[in-house]
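Take a look at the structure set out below.
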Amino acid sequence: MPELPEVETIKRYLNKAISEKRIVDIEILSKKQFPDNPKEVIGEKILSVERRAKNLIIKLSDKKALFIHLKLSGQLIWERKTKIPAKSTRVVISLNNGKLFFNEIRKLGWIKILNQNQLDLELARFGPEPFSKDFSTEYLQKVFGKSARPIKTVLLDQEKIAGIGNIYANEALFEAKINPRKPVNKLTVREIERLQKAILLVLKEGIKYGGASAADQLYVRPDSSHGSYQQHFRVYQKDGEKCQKCETIIKRINLGGRGTFFCPKCQR
DNA sequence: AGTATCCTGGAA
DNA sequence: TTCCAGGATACT
């Protein structure tokens, strides 16, 4: 579920809650979600919590890190007081000031222990962070290149741009007035400029509202509260409703196996 | 460039 | 019962 703004929200929360704390114990309830030997990190101190693309990185004192991907339904819940694991709890990380519950209904997400080298290799695969200088219109023109892939599909490609998922891809394309099916090699310079701005705008909005807890509300912040960006969706899951700009009915299509929402009139 | 697959659960 | 889901990857 979580995309850049959701993971960023979790990162900021956890940084305050668990930085400088020590790992006391790790209880694994589903081996697939934590395939490594927890003994490698028990006793380690947490330096900081970082984010790259949709991954969370809990940096540890000995150059190791916990590398976490929440995939579609992963949650990290922080509890100061003792709490019984939920049905979906797969891993419990006990610190000296509370417990971090890794809840993951669909069992797609995971936590891996990586050394500095392995971490560098993993992170090298991602494209630029949208909030970095590298994310420029010049860069976008270059990576779009001659490819005829639909723009919506390319936006979801983490090797091209890091952190955009289905919600923000749909929202950014509406804001930039670009049809999600448009081949990237057909985008004009003007469209690329609009898109670059629109991506930054919707991601900033997402962070401002603490992320999006969409229809099934699987995304929650570490204190179990919901984000509120879903109240500001322009097109995502709004098929059958009127476009907020021109009142045309929002359409839903399938692109690359993902639900895709757009205004047929505003986005040609 | 498409689509099958890993999983579970809620909605239609 | 079938379809759908904020992701990513391994295949045709």
Side-chain angles (χ1 to χ4, degrees), chain A residues 1-11 29-35 51-56 67-76 86-91 102-112 121-123 125-127 130 144-174 180-186 199 202-203 205-207 209-221 226-240 252-261:
Chain A
M1 44 120 101
E3 309 180 27
L4 188 153
E6 288 74 33
V7 180
E8 180 67 23
T9 301
I10 294 168
K11 180 206 89 174
L29 303 166
S30 173
K31 186 91 175 92
K32 203 165 178 186
Q33 272 46 68
F34 197 114
R51 179 193 60 75
R52 175 82 170 99
K54 299 169 194 168
N55 300 276
L56 277 165
F67 192 56
I68 304 173
H69 202 305
L70 301 172
K71 291 290 177 89
L72 286 164
S73 57
Q75 305 174 331
L76 286 169
K87 190 184 169 193
S88 66
T89 299
R90 312 300 178 191
V91 182
F102 179 48
N103 296 350
E104 170 49 308
I105 289 176
R106 290 174 65 182
K107 291 186 175 177
L108 299 173
W110 39 253
I111 302 177
K112 295 176 190 169
L121 277 172
E122 290 281 350
L123 299 187
R125 300 164 44 228
F126 296 109
F144 290 168
K146 295 170 299 210
S147 169
R149 295 166 77 195
I151 178 59
K152 163 86 184 315
T153 307
V154 176
L155 289 183
L156 297 177
D157 184 342
Q158 302 300 299
E159 292 182 15
K160 304 289 185 288
I161 308 167
I164 299 176
N166 208 26
I167 291 176
Y168 296 91
N170 280 294
E171 295 296 310
L173 286 169
F174 175 82
R181 282 176 291 209
K182 189 155 187 173
V184 283
N185 58 1
K186 296 269 170 53
I199 288 168
V202 298
L203 293 176
E205 284 178 350
I207 293 170
Y209 291 105
S213 300
D216 51 20
Q217 307 213 316
L218 284 176
Y219 162 72
V220 291
R221 292 179 271 204
H226 291 123
S228 60
Y229 190 50
Q230 65 280 7
Q231 294 165 18
H232 305 275
F233 287 166
R234 298 155 174 83
V235 288
Y236 183 73
Q237 289 178 338
K238 291 215 178 283
D239 46 318
R252 180 203 164 109
I253 58 168
N254 192 303
L255 251 187
R258 314 296 304 277
T260 300
F261 307 85

Inset, instruction - Check whether any side-chain nitrogen or oxygen of A/R258 sits under 4.0 Å from OP1 or OP2 of C/dG6, and answer yes or no. - result: yes
Legend entry - Phosphate OP1/OP2 of C/dG7 contacted by A/H69 side-chain N/O (<4.0 Å): no
Inset, instruction - Specify the residue among A/R90 and A/P150 whose closest nucleotide of DNA chain B lies further upstream toward the 5′ end. - result: A/P150
Inset, instruction - Check whether the side chain of A/R106 and the base of C/dA5 form a donor-acceptor pair under 3.5 Å. - result: yes
Inset, instruction - For A/G257, report the nucleic acid contact type (base, sugar-phosphate, nothing); a contact means any heavy atom under 4.0 Å. - result: nothing
Legend entry - Rounded P spacing from C/dA10 to B/dC7 in Å: 15 Å
Inset, instruction - Sticking with atom C1', work out how far C/dG6 lies from B/dG2, rounded to a whole angstrom. - result: 22 Å
Inset, instruction - Check every strand shown and say whether A/E104 touches a base, only sugar-phosphate, or nothing at a heavy-atom separation below 4.0 Å. - result: nothing
Inset, instruction - Would you mind telling me which of B/dA1, B/dC6, C/dG6 lies closest to the side-chain atoms of A/R149? - result: B/dA1
Legend entry - Residues A/K11, A/E8: salt bridge by 4.0 Å N-O rule: yes
Legend entry - Exercise: identify the closest heavy-atom pair between A/V235 and A/E171: N-OE2, 3.1 Å
Inset, instruction - Return yes if the base of B/dG9 and the side-chain atoms of A/D216 contain a donor-acceptor N/O pair under 3.5 Å, otherwise no. - result: no
Inset, instruction - Report yes if a side-chain nitrogen or oxygen of A/Q158 is closer than 4.0 Å to either non-bridging phosphate oxygen (OP1 or OP2) of C/dG7; otherwise report no. - result: no
Legend entry - Among C/dA8, C/dG6, B/dC6, the one nearest A/A214 by side-chain distance: C/dG6
Legend entry - A/S147 or A/K87, whichever maps to the more 5' nucleotide of DNA chain B: A/S147
Inset, instruction - Please tell me which of the listed nucleotides, B/dT8, B/dC6, C/dG6, lies nearest to the side chain of A/L108? - result: B/dC6
Inset, instruction - Name the closest nucleotide to the A/K107 side chain, picking from C/dG6, B/dT8, C/dA8. - result: B/dT8
Legend entry - Base orientation of C/dG6, syn vs anti, 90° cut from 0: syn
Inset, instruction - Measure from the side-chain heavy atoms of A/Y236 and tell me the nearest of B/dT8, C/dA5, C/dG7. - result: C/dA5
Inset, instruction - Just compare C/dA5, C/dG7, C/dG6 and give me whichever is closest to any side-chain atom of A/K54. - result: C/dG7
